[in-house]
Amino acid sequence: MKLCISDLKNRQLWENKGYELPSFDIEEVKEKTLKQPMWLHFGAGNIFRAFPAVLQQTLLDKGFCDKGIIVCEAFDEEIIEKAYAPFDNLSLLVTLKADRSMDKKVVASIVHAISAKDNMDELEMIFTSPSLQMVSFTITEKGYSLTDSKGEYYPNVLSDFKALPEHPKSLMGMIAALCYKRYLAGKLPVALVSMDNCSHNGTKLYNAVKAFADSWVKKGLVDADFADYIDNPSTVSFPWSMIDKITPRPSEQVRALLEAEGFEGADIIRTSKNTYISSFVNAEQTEYLVIEDSFPNSRPPLEKAGVIFTDRETVDRVEKMKVCTCLNPLHTILAIYGCLLGYTSISEEMKDRHLKAFIQKAGFEEGLPVVINPGIIRPEDFINEVIEKRLPNPFVPDTPQRIACDTSQKIPVRFGETLKAYVTSGKDLDKLTYIPLFFAGWLRYLLGVDDEGNPFTPSPDPMLEVLQGHIKGILLGDKGPFTEILRPILSDSKIFGVNLYEYGLASKVEAMFEELVAGKGAVRKTLEKYMNEKQ
């Protein structure tokens, strides 16, 4: 069985082996979409293929829509070359269930896939089409950033600021330039929808686009009214959203199962930019997508595929519940301590009584007290599902090493927002135990030495070199105090949301860090102490 449009015509062969196939005419949908594009997406990676693309497939299958999605990749163009082009833009979604069974669905809603490089003319044609309703993004939080860890603009951004580029060097510069083309085409309305897993994602996208618009208006490079066009939600909206679906790298175990039943082309490829791709994506069954219902040019009826549309305040509450308490911080704790303890599987970590107790206490005892119930999802139910069902799923091959990527960028939201909520509500930060224990564990992780004293390579992080530079003199077995060494990190409110020294947390983190670096086995010993003493 080859994943291509011609081979899908032998439907009985695929269906006899349990594959769900598209029920619509793929070529007809492609033709309609290219004539009148409705949905353009940036970020061709696994989460897009496993979730938003499948939502549109549901609408197509049920007859609620007759157009698909055009996807553009601006960061890792090998994804298009190796995971889209050889398979007629089809992909296979493998849903991994806790009972080790799989659902297999061929996804054909992506009708056209292009790279951003050298395709500005085509993107302009799509962007200036009056039919375009939505431009969505899964480009990770870093994709919206215009500055480096020092707060200085990236060279590509500066280059795009200085002139209205025909061939933008930065993605956000490209989006702003395309918005200007849409403005010139008649101030056409559109929704720019971030679906990335970060706080207030729509505002991050707005701030980036607006920075370019303001720069160009100030320099007289564009019409003065362009900034107003970007600012007006009746012409360009930037809805907030909350997305949740664990989508690990393609699994060798899944690949082997697919190949055993005759599925061809399931090789797993690591691109030169360290993206793991294949013709298939594997993901958990649970999924949530909540979006602020602000679409000035209408939108696909995605509520019929399970998307929850609501107001901005509710999205904010759901996002804070998930990102700041009920899932993402727990994931990050498991990532950091899993690396220190030699784990390579999140589900295996959930069998570790100390680690399970850690995330239970961090979530229920320290996170939930400052969570506002969003109304549409009960926080206690959500966190219970995460701890008891989702994270222990042995068939979701997620790794602490993957989750540990970019931890410095995740801490401000996943933990910093909780700290700020404590401050705002007048609660005493000094009473916290498990969040400081995570901070100490992260500092211990930065040493690049596991609990047995073996070196390991920390996952990629844009601040890794700077952070490790601060602690490079610390060795396993060293004694404190470490105050002066750790002060540049623990005082950085950009990392923690607050200056930990101002709220009495830094000394606690320093003491815990000293326990964690005491020698071999100190991580386990420290976990045992803090998990047991609070029973």
Side-chain angles (χ1 to χ4, degrees), residues 47 50 94-102 197 244-254 282-288 321-368 377-405 407 410 414-415 433-435 437-438 440-442 444-445 450-452 456 459 516 521 523-532 534-535:
I47 183 63
V94 180
T95 300
L96 308 169
K97 300 182 178 180
D99 63 2
R100 306 191 75 82
S101 65
M102 303 188 307
N197 185 19
D244 181 21
K245 187 178 183 72
I246 298 174
T247 307
R249 296 168 178 169
S251 162
E252 289 289 351
Q253 181 184 6
V254 173
N282 40 233
E284 66 167 341
Q285 188 172 18
T286 302
E287 60 186 27
Y288 297 93
M321 177 199 74
K322 178 247 181 181
V323 175
C324 304
T325 302
C326 295
L327 174 59
N328 297 64
L330 313 187
H331 231 171
T332 300
I333 290 170
L334 291 174
I336 294 304
Y337 276 86
C339 291
L340 289 172
L341 295 174
Y343 282 104
T344 57
S345 164
I346 293 291
S347 63
E348 284 299 312
E349 284 189 75
M350 291 302 293
K351 298 175 183 178
D352 186 312
R353 66 185 182 90
H354 293 139
L355 293 180
K356 184 175 182 180
F358 194 166
I359 64 171
Q360 284 175 321
K361 291 173 182 295
F364 283 104
E365 296 181 19
E366 297 187 347
L368 281 185
I377 302 172
R378 188 168 177 265
E380 292 83 357
D381 294 340
F382 190 98
I383 198 169
N384 264 322
E385 182 183 43
V386 166
I387 293 175
E388 301 300 334
K389 295 181 180 179
R390 298 176 65 184
L391 296 180
N393 185 344
F395 206 28
V396 177
D398 215 350
T399 69
Q401 290 74 23
R402 182 186 81 90
I403 303 300
C405 291
T407 298
K410 297 171 179 176
R414 299 186 181 192
F415 299 92
T433 295
Y434 307 105
I435 292 176
L437 184 59
F438 164 72
W442 177 57
R444 169 69 178 79
Y445 163 89
D450 68 18
D451 200 28
E452 297 300 317
F456 68 88
S459 299
L516 291 166
V523 174
R524 176 62 68 184
K525 184 177 180 180
T526 303
L527 281 175
E528 184 173 14
K529 170 189 170 182
Y530 286 99
M531 295 314 118
N532 289 336
K534 290 267 185 174
Q535 294 292 342

Does any donor atom in the side chain of K389 or N384 lie under 3.5 Å from an acceptor atom in the other side chain? no
For M321 and I377: C-alpha separation, side-chain torsions, deciding distance, then whether side-chain contact (heavy atoms from CB on, under 4.5 Å) applies. CA-CA 9 Å; M321 177 199 74; I377 302 172; 3.9 Å; yes
Counting C-beta onward and ignoring hydrogens, is there a side-chain heavy-atom pair between M531 and T526 closer than 4.5 Å? no
Backbone N/O of V523 and side chain of D451: donor-acceptor pair under 3.5 Å: yes
Is the shortest heavy-atom distance from the side chain of L368 to the side chain of E380 under 4.5 Å? yes
Passes side-chain contact (heavy atoms from CB on, under 4.5 Å), I359 versus L334? Steps please. CA-CA 8 Å; I359 64 171; L334 291 174; 3.9 Å; yes
Between I387 and L330, is there a side-chain heavy-atom distance shorter than 4.5 Å? yes
Which pair of heavy atoms, one from T325 and one from I383, lies closest together, and at what distance? O-CD1, 4.3 Å
Atom pair CD1/CD1 of I246 and I346 - distance to nearest 0.5 Å: 8.5 Å
Walk me through it: do R524 and E452 pass the test salt bridge (charged side-chain N to carboxylate O under 4.0 Å, His left out)? CA-CA 10 Å; R524 176 62 68 184; E452 297 300 317; over 6 Å; no
Spatial distance of atom CG (D244) from atom CG (N197) [nearest 0.5 Å]: 7.5 Å
Measuring from atom CD of E349 to atom NZ of K356, what distance do you get when rounded to the nearest 0.5 angstrom? 13.5 Å
For the backbone of E284 and the side chain of K245, can you confirm whether one donor and one acceptor N or O come within less than 3.5 Å of each other? yes
Can you name the side chain to side chain donor-acceptor pair (under 3.5 Å) partners of E348, sequence neighbours left out? K351
Mind checking what makes side chain to side chain donor-acceptor pair (under 3.5 Å) contact with K410, not counting sequence neighbours? none
Centroid separation F456 to Y445 less than 6.0 Å: yes
Specify the closest pair of heavy atoms between A50 and T247, including all atoms of both residues, with the distance to one decimal. CB-CG2, 3.9 Å
What is the minimum heavy-atom distance between A404 and I336, and which atoms define it? CB-CD1, 4.3 Å
Do side-chain atoms of T332 reach the backbone of N328 as a donor and acceptor pair under 3.5 angstrom? yes
Do you know the tightest heavy-atom contact between M350 and P392? CG-N, 3.9 Å
Any side-chain heavy atom of V396 sitting closer than 4.5 Å to one from S347? no
With heavy-atom distances below 4.5 Å as the criterion, would you say the side chains of L96 and Q285 are in contact? no
What are the two closest non-hydrogen atoms of C339 and D450, and how far apart are they? O-CB, 4.1 Å
side-chain contact (heavy atoms from CB on, under 4.5 Å) partner of L327, the single match among R414, E385, R390: R390
Heavy-atom closest pair, residues P329 and V323: CD-O, 3.1 Å
Applied to residues 378-401, the ring pair (Phe, Tyr, Trp, His ring centres under 6.0 Å) test, sequence neighbours excluded, yields Y288-F382
Non-hydrogen side-chain atoms of T407 and S459 separated by less than 4.5 Å: no
Could you go step by step and tell me if L341 and L355 meet the side-chain contact (heavy atoms from CB on, under 4.5 Å) rule? CA-CA 10 Å; L341 295 174; L355 293 180; 4.1 Å; yes
What residues form a side chain to side chain donor-acceptor pair (under 3.5 Å) with N393, not counting sequence neighbours? none
Applying salt bridge (Lys or Arg N to Asp or Glu O under 4.0 Å), name anything that partners K525, two or more places apart in sequence or on another chain. none
Given the side-chain rings of Y530 and Y434, with only the six-membered ring counted for Trp, is the space between their centroids under 6.0 Å? no
Heavy atoms, side chains only, cut-off 4.5 Å: are R402 and R249 in contact? yes
Distance from F438 atom CZ to T433 atom OG1, nearest 0.5 Å? 15.5 Å
Enumerate the ring pair (Phe, Tyr, Trp, His ring centres under 6.0 Å) contacts for residues 326-362, please, sequence neighbours excluded, ordered by first and then second residue. Y337-F358
